Amino acid sequence: MSRTGTSVVVVGGGVTGLSTAWWLARSGVDVTVVEKGIVGFEASGRNGGGATHYQSPLFHEEQRLWPQMDELLGYPTEYQRERIIFQVDPRKEKFHEGLSLRLPAGYDWEVLDPKQVRELVPLAGDNVVSGVHFHFGGHANPQRTAQAYAWAAQDLGATILQHTAVTGIAMAGGRVTGVETAKGTIGCDALVIAAGPQTGKLAAMIGVGLPMAAARAEMIVTEPLAMMPITGVDGNGLYGRQTLRGNLAYGGGPHEWQDDVVLDAAPPKPSGSVTRNLAKRVAELLPKAAHARVIRSWAGVIENTPDGRPVIERLSDPGNVVVATMSSVGFGLSPASGHAIRDLVIDGTCSFADLSKLSLKRFAGIRDDWRAHLKWLPPQAAEVRVGPGGQAAR
Ligand SMILES: Cc1cc2nc3c(=O)[nH]c(=O)nc-3n(C[C@H](O)[C@H](O)[C@H](O)COP(=O)(O)OP(=O)(O)OC[C@H]3O[C@@H](n4cnc5c(N)ncnc54)[C@H](O)[C@@H]3O)c2cc1C
């Protein structure tokens with residue numbers, strides 16, 4: 001494939017930036033990923049691995065690509081198809097009502113009774129009230145997937161600079177001309193900002209407002225258990241998967257809102273109370289796994305926009321910049337988001353989906369106190385309420 005001569009810098013070596021680099025390199029573009037730490041070390045390597053985002057405009061492409069990703073990348077992602085969601089709270093017996101209206105046509109699924117759930121999820125117990133079986137969607141291993149994108153992009157000539165934080169953005173003549181790092185300025189013809197929770201801060205450097213709030217979330221992993229017929233199982237407020245080795249890897253709320261994530265912050269640590277709460281809810285969902293020991297836990301930072309949907313947009317000013325932040329659904333959508341961003345960089349428009357719902361324009365005029373309005377405040381700030389007289393009251 002011939003080189004286009006275009007040089008693109010992608011800020012961020014998470015799955016969004018790495019998939020973008022891979023897609024660009026596949027098109028013969030000279031691309032450099034600039035990552036402040038190591039690839040996949042933030043949310044991209046710490047998530048639940050779920051890939052079933054039927055509410056996204058990128059859903060069809062997500063579903064088309066995942067079954068092919070191991071072959072396309074040439075490295076394993078551990079993708080497993082299908083998903084079961086079931087509930088154990090009798091008040092949620094009819095949780096699937098209206099689902100047929102929300103699911104796009106052409107994807108098979110069915111309602112399961114408790115016995116059918118237990119056949120497909122042998123670790124479930126007598127407390128199952130109802131479930132659904134998606135014959136689409138699925139999950140993959142986040143760490144292996146991030147690494148697979150990185151290796152595959154490098155195989156096609158992409159450069160990945162780790163331990164290189166972008167601290168500024170150089171502009172001339174109304175266009176971005178490079179990114180500033182401690183090692184010097186890296187010139188570029190086009191820039192992709194895919195820096196997870198930091199995307200808003202980097203966008204602000206070029207005068208673009210992108211409202212974002214970061215939240216800490218946790219995951220736990222149990223010792224290995226006998227493999228279940230279906231390994232992507234959600235419910236009881238949890239998302240999770242059984243790894244190829246048999247471990248249960250589960251996450252779910254509550255998410256702890258953070259004030260700010262400074263550039264050189266170490267990733268957050270799990271807190272004992274959230275970890276215990278997750279383990280309790282996994283035992284409720286899967287009582288036959290209640291004896292399993294939790295062998296690992298970790299925390300990660302989720303990037304959130306005010307409406308919970310990603311932003312993927314090629315800016316009009318400066319016109320050679322694409323901004324992409326995925327608002328908590330970025331792992332599963334990564335094969336498709338990289339494709340979309342590749343299209344925006346090279347062609348200016350996405351070839352396979354209408355991205356208008358992901359445009360930044362929807363936040364124009366957003367109220368200044370949107371975080372307080374949504375009650376998305378860090379615990380210490382949420383405790384401080386300002387009374388009518390302006391005094392803080394606890
Ligand atoms: C516990 C948890 C569970 C989740 N579960 C799921 C799930 O099941 N399914 C799903 O689809 N999504 C899930 N998510 C969300 C998903 O992980 C993210 O949406 C996705 O990883 C975002 O990828 P990203 O590449 O856009 O951002 P990140 O993974 O945050 O990567 C951004 C990268 O940019 C780098 N960076 C930031 N600033 C700079 C700078 N100035 N210079 C250089 N580099 C910089 C960072 O170091 C980082 O590596 C979950 C997230 C968490 C934390």
Side-chain angles (χ1 to χ4, degrees), residues 9-21 32-53 56 58 62 66 83 137-140 142-143 145-146 149-150 160-169 179-182 186 192-203 205 212 214-220 232 234 238-241 249-253 255-256 261-268 270 274 278 297-305 308 310-312 323-338 341:
V9 163
V10 176
V11 187
V15 286
T16 309
L18 293 169
S19 173
T20 299
T32 301
V33 177
V34 185
E35 164 55 50
K36 70 178 169 63
I38 57 174
V39 295
F41 195 60
E42 306 276 330
S44 290
R46 294 164 183 265
N47 61 72
T52 317
H53 296 110
S56 171
L58 299 175
E62 175 192 57
W66 267 114
R83 202 96 193 150
H139 60 89
Q143 283 153 6
T145 301
Y149 281 128
I160 298 178
L161 299 177
Q162 300 189 111
H163 304 293
T164 310
V166 169
T167 52
I169 298 177
V179 294
E180 291 156 11
T181 75
I186 304 167
V192 175
I193 306 176
Q198 314 282 354
T199 305
K201 282 187 199 164
L202 287 154
M205 290 178 188
M212 290 187 69
R216 196 179 67 90
E218 297 190 18
M219 300 252 337
I220 59 169
D234 298 341
L238 300 165
Y239 43 79
R241 66 189 186 98
Y250 272 83
H255 295 171
E256 188 180 285
V261 185
V262 294
L263 203 57
D264 55 359
V274 177
L278 281 174
S297 67
W298 63 79
V301 177
I302 300 187
E303 72 294 3
N304 296 275
T305 64
V311 168
I312 300 182
V323 173
T325 189
M326 298 305 293
S327 203
S328 81
V329 289
F331 177 76
L333 292 175
S334 61
S337 61
I341 298 165

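Start at 1 with the first residue, then count along the sequence. All figures in this text were calculated on a predicted structure; none of them were measured in a lab. Every number for a ligand or one of its atoms is a count from 1 in the order of the listing.
- Between W66 and P335 there is a side-chain heavy-atom pair separated by less than 4.5 Å.
- L161 places none of its side-chain heavy atoms less than 4.5 Å from the side chain of V33.
- Scanning all protein heavy atoms for the shortest distance to atom 44 (N) of ligand 1 gives K36 N, 3.0 Å.
- With R216 as the partner, the side chain to side chain contact (heavy atoms under 4.5 Å, CB included) test is satisfied by one option alone out of V261, I302, V274: V274.
- Within the 4.0 Å heavy-atom shell around ligand 1 one does not find K201.
- For ligand 1 and P197, the ligand atoms under 4.0 Å from any heavy atom of the residue are 30 (O).
- Annotation for ligand 1: atoms under 4.0 Å from non-hydrogen atoms of M219 are 1 (C).
- Each of Q162, Q198, E42 was checked for a side-chain hydrogen bond (donor to acceptor under 3.5 Å, both in side chains) with K36, and the lone residue meeting it is E42.
- In terms of heavy atoms, P270 sits closest to S297 at CG-OG, 3.4 Å.
- Every atom of ligand 1 is numbered from 1 in the order shown, and the set under 4.0 Å from a heavy atom of R46 is 1 (C), 2 (C).
- The side-chain heavy atoms of V301 and P268, taken from C-beta on, include a pair separated by under 4.5 Å.
- Under the 4.5 Å side-chain criterion, counting only non-hydrogen atoms from C-beta, S337 is not in contact with T20.
- At least one N/O-N/O distance between V166 and ligand 1 falls below 3.5 Å.
- For ligand 1, the polar-atom distance check finds an N/O of S328 within less than 3.5 Å of one of the ligand's N/O atoms.
- With rounding to the nearest 0.5 angstrom, the CD1 atom of I160 is 12.0 Å from the CD1 atom of I38.
- Counting only distance, with no hydrogens or angles, the side chain of S19 and the backbone of S334 share a donor-acceptor pair below 3.5 Å.
- Under the 4.5 Å side-chain criterion, counting only non-hydrogen atoms from C-beta, V192 is not in contact with V11.
- For the ligand labelled ligand 1, residue R216 lies outside the 4.0 Å heavy-atom shell.
- Residue T199 places every heavy atom at 4.0 Å or more from ligand 1.
- Using a 4.0 Å cut-off to heavy atoms of G196, the atoms of ligand 1 that qualify are 27 (O), 30 (O), 32 (C).
- The single protein non-hydrogen atom nearest to atom 34 (O) of ligand 1 is G12 CA, 3.2 Å, given as residue, atom name and distance.
- Close N/O approach between I38 and ligand 1 is not found [any backbone or side-chain N/O within under 3.5 Å].
- Annotation for ligand 1: atoms under 4.0 Å from non-hydrogen atoms of A194 are 32 (C).
- When only non-hydrogen protein atoms are considered, atom 8 (O) of ligand 1 lies nearest to G50 N, 2.9 Å.
- Considering only residues two or more places apart in sequence or on other chains, Y250 meets the ring-ring contact (aromatic ring centres under 6.0 Å, His included) condition with none of them.
- For E218 and R46, the salt-bridge test fails: no basic side-chain N is under 4.0 Å from an acidic carboxylate O.
- Pairing each heavy atom of E62 with each of A336, the nearest pair is N-CB, 3.8 Å.
- For ligand 1 and I302, the ligand atoms under 4.0 Å from any heavy atom of the residue are 51 (C), 52 (C), 53 (C).
- In this structure, the side chains of S56 and L333 come closer than 4.5 Å at one or more pairs of heavy atoms.
- Here's the thing with A324: none of its N/O atoms is less than 3.5 angstrom from an N/O atom of ligand 1.
- Put simply, the side chain of I169 does not reach to within 4.5 Å of the side chain of E180, judged on heavy atoms.
- Protein heavy atom at the shortest distance from atom 23 (O) of ligand 1 is S44 OG, 3.1 Å.
- Two residues are said to be in side-chain contact when any heavy atoms from C-beta on lie closer than 4.5 Å; V329 and P310 meet this criterion.
- The ligand atoms of ligand 1 that sit less than 4.0 angstrom from a heavy atom of G332 are 10 (C), 11 (O).
- Rounding to the nearest 0.5 Å places CD1 of I193 at 11.5 Å from CD1 of I341.
- Protein heavy atom at the shortest distance from atom 2 (C) of ligand 1 is N47 CA, 3.7 Å.
- Heavy atoms of A195 found under 4.0 angstrom from ligand 1 belong to the backbone as well as the side chain.
- Contact annotation: for V34 versus ligand 1, heavy atoms closer than 4.0 Å belong to the backbone alone.
- For M212, the side-chain contact (heavy atoms from CB on, under 4.5 Å) test picks out T199, L210, E303, T325, with sequence neighbours left out.
- Taking every heavy atom of Q198 and a limit of under 4.0 angstrom, the matching atoms of ligand 1 come to 37 (C), 38 (N).
- Ranking protein heavy atoms by distance to atom 31 (O) of ligand 1, first place goes to G14 CA, 3.5 Å.
- Among protein heavy atoms, atom 33 (C) of ligand 1 sits closest to E35 OE1, 3.5 Å.
- The shortest N/O to N/O separation between A165 and ligand 1 does not fall below 3.5 Å.
- For ligand 1, the polar-atom distance check against F331 finds a nitrogen or oxygen pair separated by under 3.5 Å.
- Counting only heavy atoms of the protein, atom 22 (C) of ligand 1 lies nearest to E303 OE2, 3.4 Å.
- Contacts between T164 and ligand 1 below 4.0 angstrom, taking non-hydrogen atoms only, involve the backbone exclusively.
- Between V329 and ligand 1, at least one N/O pair is under 3.5 Å apart.
- Remark: ligand 1 and S327 share no N or O pair separated by less than 3.5 Å (distance only, no angle test).
- Between G330 and ligand 1, at least one N/O pair is under 3.5 Å apart.
- Closest approach of E35 to V39, counting heavy atoms only: CG-N, 4.1 Å.
- Under a 4.0 angstrom heavy-atom cut-off, Y239 registers as being in contact with ligand 1.
- In terms of polar-atom proximity, defined here as any N/O pair under 3.5 Å, E218 makes no such contact with ligand 1.
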